[in-house]
Amino acid sequence: MGVFGLSDVYEKISELARRRGFFWPSYEIYGGVAGFYDYGPYGVLLKNRIVEKWRDFFVRRHQDYVVEIETPIVAPSIVFEASGHVEHFTDPIVSCLKCGRRFRADHLVEEALGVSVEGLSLEDLGKIIRDNNVRCPFDGGELGDVKVFNLLFKTQIGPYEGDVGYLRPELAQGMFVAFKRVLESMRSRLPIGIAQIGRVGRNEISPRQAMVRLREFTIMEMEYFIDAEDPQGNCPFFDEMAGKRLRIQSYTMRVKGGEPQWFTLEEAVESKIIVDKCLGYWMAIGQEFMESIGVPAEHMFFMEKGPHERAHYSSQTFDQVVKVSRWGLIEVAGHSYRGSYDMMRHAAYSKADLTVFKPYKEPILVKKKRVIVDKSVIGRLFRDKAGEVLEALQAARPEDIEGYLTGGGHTIKVGGFEVPRDAVKIIEVEEKEWGRKILPNVVEPSFGVDRVVYVAFEYAYREREGRVVLAFPRDIAPVQAAVFPLVENDESLIAEARSLYKTLVREGFQVIYDDTGSIGRRYARADEIGVPAAFTVDYQTLEDKTVTMRDRDTWRQVRLPADNVVEALRKFLKGEPLDSLGTPFK
RNA sequence: GCGGCGGUAGUCUAGCCUGGACUAGGACGCCGGCCUGCCAAGCCGGAGGUCCCGGGUUCAAAUCCCGGCCGCCGCACCA
């Protein structure tokens with residue numbers, strides 16, 4: 001028995017996944033490497049459908065605001081210096097000089113001395129270790145310098161060792177760095193969502209839990225760029241989801257030991273449990289997405305992270321967690337309010353102007369003070385320094401300069417120069433302002449594909465009369481239909497079945513054709529990879545061109561004309577009940 | 001990274017303690033043939049094994065010992 005009263009199906013799932021070609025640990029013939037997984041033929045089909053569904057929920061349905069891009073997985077080091085990952089995406093470690101074992105430096109100190117060392121620099125940690133003679137807990141050996149272990153995979157771009165590159169640990173930086181160009185190509189309007197689906201790498205110290213914690217994995221992520229000062233305009237679709245019910249456990253609820261509670265999206269936003277409308281909106285979409293993958297709403301909730309649990313960039317983060325039988329709660333998505341941290345950093349590091357011009361409806365008149373300088377005086381007085389002086393005067397705030405003028409002094413001190421007051425005057429002008437420049441804030445829903453695949457698999461797993469059925473929601477099933485002749489040794493049945501199979505393939509369906517073994521065995525095989533519908537060509541087909549259609553989940557059948565199969569399958573995959581598609585059979 | 005347990009055809013497993021007749025046995029699955037008028041039926045035939053890897057002990061190692069890799073569990077870690 002697993003947790004939450006769910007029976008632990010992990011072993012059965014991994015066995016089935018390997019045997020039927022969904023997923024398995026990579027590099028098996030070389031003994032395997034922890035943290036890497038292969039997708040097999042049906043796994044790829046399943047994953048692709050899940051990815052396509054995410055794209056539908058987050059991108060296609062919001063296509064007037066959300067676009068998808070693709071950026072490289074390797075970035076020059078400056079990108080992750082700007083993002084803070086080079087500095088923060090690390091653990092401090094020390095090595096024992098005698099046995100070579102490695103330890104978390106902060107934990108060792110906290111354990112040995114019973115003091116909190118949170119936020120201390122590497123040097124400070126090293127000093128504490130030396131001053132207190134902290135030793136290796138195994139053989140008492142002396143400890144070396146405190147170093148950082150960075151979870152970024154490091155590489156080199158081109159032939160020169162100085163050109164450090166990193167494998168991205170998240171997709172977000174790709175969107176931030178490309179933001180200006182994307183915004184421009186989408187006619188420079190906010191809000192805008194930029195989505196991306198792609199691989200990332202994190203050099204985890206000890207990955208575990210199969211597909212749940214990998215060193216290389218796929219993320220589906222969106223950065224939704226908004227104007228923090230225009231809360232009304234940011235989320236034009238909010239009302240459509242306002243009544244959606246979400247289960248939320250705020251940080252304060254959690255530290256008090258409280259259970260997650262149900263809120264409508266509107267309630268959660270109005271009571272400030274979710275700090276931002278857009279953050280809440282995408283959480284609601286995220287919940288609908290996971291429900292469509294097969295997870296009932298009562299099996300997931302949003303868990304708010306506390307101040308010390310959040311990433312360095314975030315002011316509010318919710319983990320979208322789903323119950324699984326083996327490991328309890330696993331995080332399938334993180335929903336973060338990232339503020340303008342990243343955009344600020346990239347603007348500073350790249351010197352690019354990453355602001356967005358937001359026009360007002362009507363231009364407004366503003367009174368501004370302007371510094372007027374008598375350049376001939378400055379030129380004569382400062383000669384070759386005149387340029388610098390002028391620059392300093394322009395850079396200064398007019399109010400400050402006015403302060404000197406009204407203060408009655410004889411000179412104005414600016415940029416290390418003293419400028420005679422007569423050379424400068426302040427005038428007031430009226431200007432039309434057509435808009436303002438803002439640095440956008442960012443809301444980010446980010447899903448781990450591989451975890452979603454695992455969750456879909458676990459929630460689809462059923463046992464029925466000693467047989468295994470993968471009851472995927474019909475529209476994510478890796479294979480959509482099966483076609484069988486009733487028996488395997490009748491050429492005319494086989495010919496009809498092959499022809500039906502070809503029709504379905506031509507119509508774009510993923511179909512398996514199978515004519516070996518008994519019909520029951522073939523149904524069982526199809527159930528085991530989760531094929532929602534099976535069509536069987538029997539002797540009556542030869543008379544009246546009808547076939548039977550079988551539902552994976554009920555094992556019931558209807559009979560319908562072979563010519564209607566394409567349309568019936570299309571409807572069935574969209575959720576229509578079997579009974580509406582034909583007349584009952586047997 | 002630490003500790004415990006484990007690793008044998010595609011899958012599940014017997015054998016390991018007590019080394020040799022193991023040319024590694026079985027079941028399911030898979031492939032071919034026969035049969036089969038709707039839910040893993042039957043019969044015949046077949047393919048499939050680096051016994052996790054490396055080293056050691058021994059006349060002899062799937063079996064004992066050491067190291068490593070991988071997995072599961074617990075601790076730690078998971079910006």
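Note: hydrogens, waters and symmetry copies are ignored here, and every other heavy atom, side chains too, is used.
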SB check [X] [Y] (cutoff 4.0 Å):
X        : Y        : value
A/Glu528 : A/Arg467 : no
A/Arg521 : A/Asp514 : no
A/Asp553 : A/Arg462 : no
A/Arg202 : A/Glu170 : no

Does [N] pair with anything, Watson-Crick or G-U wobble, both distances under 3.5 Å, and if so, with which nucleotide?
N     : value
B/U58 : none
B/G45 : B/C31
B/G74 : B/C2

Respond yes when some side-chain nitrogen or oxygen of [X] is under 4.0 Å from OP1 or OP2 of [N], and no when none is.
X        : N     : answer
A/Trp24  : B/G10 : no
A/Arg521 : B/C28 : no
A/Arg525 : B/C39 : no
A/Ser518 : B/U36 : no
A/Tyr10  : B/C72 : yes

Looking at [N], does its base get a donor-acceptor pair with the side chain of [X] below 3.5 Å?
X        : N     : result
A/Arg202 : B/C78 : no
A/Gln557 : B/C38 : yes
A/Arg213 : B/C77 : yes
A/Glu488 : B/C35 : yes
A/Tyr523 : B/C38 : yes
A/Arg522 : B/C39 : no

(request) Side chain of A/Arg467 only, please: which of B/U11, B/G71, B/C39 is the nearest? (result)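 Ranking B/U11, B/G71, B/C39 by closest atom to the A/Arg467 side chain puts B/C39 first.
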If you look at every strand shown and take non-hydrogen atoms under 4.0 Å, does [X] touch a base, only sugar-phosphate, or nothing?
X        : value
A/Arg19  : sugar-phosphate
A/Ile29  : base
A/Asp490 : nothing

(message) I'd like the C1' distance from B/C43 over to B/U50, given in whole Å.
(response) 36 Å
(request) Take atom P in B/C53 and the same atom in B/A61, then report the distance between them in whole Å. (result)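 About 15 Å, rounded to a whole number of Å.
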(message) Quick one about A/His85 and A/Tyr166 (side-chain donor to acceptor, distance below 3.5 Å, no hydrogens or angles considered), yes or no?
(response) no
